[in-house]
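What follows is a set of notes on a single structure, which appears directly below.
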Amino acid sequence: QVQLVESGGGLVQAGGSLRLSCAASGRARSSSAMAWFRQAPGKERAFVAATTWNGGRTAYADSVKGRFTISADNAKNTVYLQMSSLKPEDTAVYSCAAKMIVYYWTDYENQLGYDYWGQGTQVTVSS
């Protein structure tokens with residue numbers, strides 16, 4: 001049963017914008033928090049941003065602060081990642097993840113704490 005499906009990736013020039021979407025289904029719709037991670041070629045997967053479904057808490061990696069915005073639409077069971085001022089170093093496969101129970105909010109960067117993962121969507125930023 002598919003739980004998380006990402007969309008919105010593509011090719012964009014440096015300085016441009018993209019909006020990624022992550023639609024949650026099944027048990028993932030009952031999750032407490034959602035996050036975006038990314039994996040660039042030859043690198044480990046890294047945290048990008050996280051949010052609770054009510055938007056009461058958000059968190060960002062230092063590398064994307066001020067450029068990316070994470071948001072959640074409960075009615076659509078969808079989480080978004082609005083990316084602006086994109087740089088070539090933002091090129092990666094972006095994956096969303098769902099956490100069923102949040103024990104410690106400050107643990108949002110820990111990939112092991114997420115229960116469901118999407119397949120990922122490719123974002124390529126050309127210089």
Side-chain angles (χ1 to χ4, degrees):
Q1 183 179 5
V2 176
Q3 303 282 352
L4 300 172
V5 178
E6 302 96 335
S7 61
L11 174 63
V12 63
Q13 288 188 330
S17 300
L18 276 177
R19 189 178 78 159
L20 305 183
S21 300
C22 174
S25 63
R27 290 199 70 229
R29 293 190 301 172
S30 301
S31 58
S32 297
M34 298 287 290
W36 288 94
F37 289 79
R38 67 185 181 185
Q39 186 167 20
K43 295 187 177 181
E44 294 186 353
R45 187 162 58 187
F47 170 77
V48 176
T51 185
T52 52
W53 275 105
N54 63 10
R57 291 192 172 189
T58 58
Y60 296 91
D62 288 342
S63 59
V64 305
K65 279 181 182 177
R67 300 189 298 122
F68 291 10
T69 302
I70 189 170
S71 61
D73 186 331
N74 283 279
K76 296 182 178 180
N77 296 310
T78 300
V79 173
Y80 304 98
L81 185 68
Q82 178 67 49
M83 306 185 294
S84 303
S85 302
L86 283 162
K87 306 174 182 179
E89 50 264 43
D90 293 319
T91 294
V93 174
Y94 285 71
S95 300
C96 65
K99 178 180 293 192
M100 299 305 293
I101 299 175
V102 176
Y103 294 103
Y104 303 101
W105 171 247
T106 52
D107 199 33
Y108 49 77
E109 293 189 48
N110 182 2
Q111 300 179 39
L112 296 179
Y114 291 86
D115 302 284
Y116 298 101
W117 290 83
Q119 292 297 311
T121 185
Q122 176 70 46
V123 172
T124 302
V125 184
S126 62
S127 57

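Predicted, not measured: the structure shown is a model, and the values here were computed from it.
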Using every non-hydrogen atom in the two residues, find where [X] and [Y] come nearest and quote the distance to one decimal.
| X | Y | result |
| --- | --- | --- |
| Tyr116 | Leu4 | O-CD1, 3.4 Å |
| Ser21 | Trp36 | O-CH2, 3.6 Å |
| Glu6 | Gln119 | OE1-N, 3.1 Å |

Whether over 12 other heavy atoms sit under 6.0 Å from Gln122 CD: yes
N/O donor-acceptor pair under 3.5 Å between Asp73 side chain and Lys76 backbone: yes
Which pairs would a plain distance check flag for residues 10-19, meaning a side-chain donor or acceptor within less than 3.5 Å of a matching protein atom at least two apart in sequence or in another chain?
none

Out of curiosity, does Trp105 fall in the hydrophobic cluster containing Phe47 (side-chain heavy atoms, cut-off under 4.5 Å, transitive links)? yes
Not counting sequence neighbours, which residues clear side chain to side chain contact (heavy atoms under 4.5 Å, CB included) with Asp115? List them please. Lys99, Met100
State which residues pass side chain to side chain contact (heavy atoms under 4.5 Å, CB included) with Ala97; sequence neighbours excluded, sorted by chain then number. Phe37, Tyr114, Trp117
What is the distance from atom [atom1] of [X] to atom [atom2] of [Y], rounded to the nearest 0.5 Å?
| X | Y | atom1 | atom2 | result |
| --- | --- | --- | --- | --- |
| Ser63 | Lys65 | OG | NZ | 10.0 Å |
| Arg45 | Lys43 | CZ | NZ | 16.0 Å |
| Ser30 | Asn77 | OG | CG | 9.0 Å |
| Thr78 | Trp53 | OG1 | CH2 | 6.5 Å |
| Cys96 | Tyr80 | SG | OH | 12.0 Å |

Under 3.5 Å, sequence neighbours excluded: what are the donor-acceptor pairs made by side chains of residues 86-95?
unit_1, atom_1, unit_2, atom_2, d
Asp90, OD1, Arg38, NH1, 2.9
Asp90, OD1, Arg67, NH2, 3.0
Asp90, OD2, Arg67, NH1, 2.7
Asp90, OD2, Arg67, NH2, 3.4
Asp90, OD2, Lys87, N, 2.8
Thr91, OG1, Pro88, O, 2.9
Thr91, OG1, Val125, N, 2.9
Thr91, OG1, Val125, O, 3.4
Tyr94, OH, Arg38, NH1, 2.9
Tyr94, OH, Asp90, O, 2.6

Full working for side chain to side chain contact (heavy atoms under 4.5 Å, CB included) between Leu20 and Met83: CA-CA 8 Å; Leu20 305 183; Met83 306 185 294; 3.7 Å; yes
Should Thr51 and Tyr108 count as side-chain neighbours, where that means a heavy-atom distance under 4.5 Å? no
Suppose the criterion is ring-ring contact (aromatic ring centres under 6.0 Å, His included): which pairs have a residue in residues 11-30, not counting sequence neighbours? none
Please list, chain by chain and in numerical order, all residues satisfying side chain to side chain donor-acceptor pair (under 3.5 Å) with Gln39, sequence neighbours excluded. none
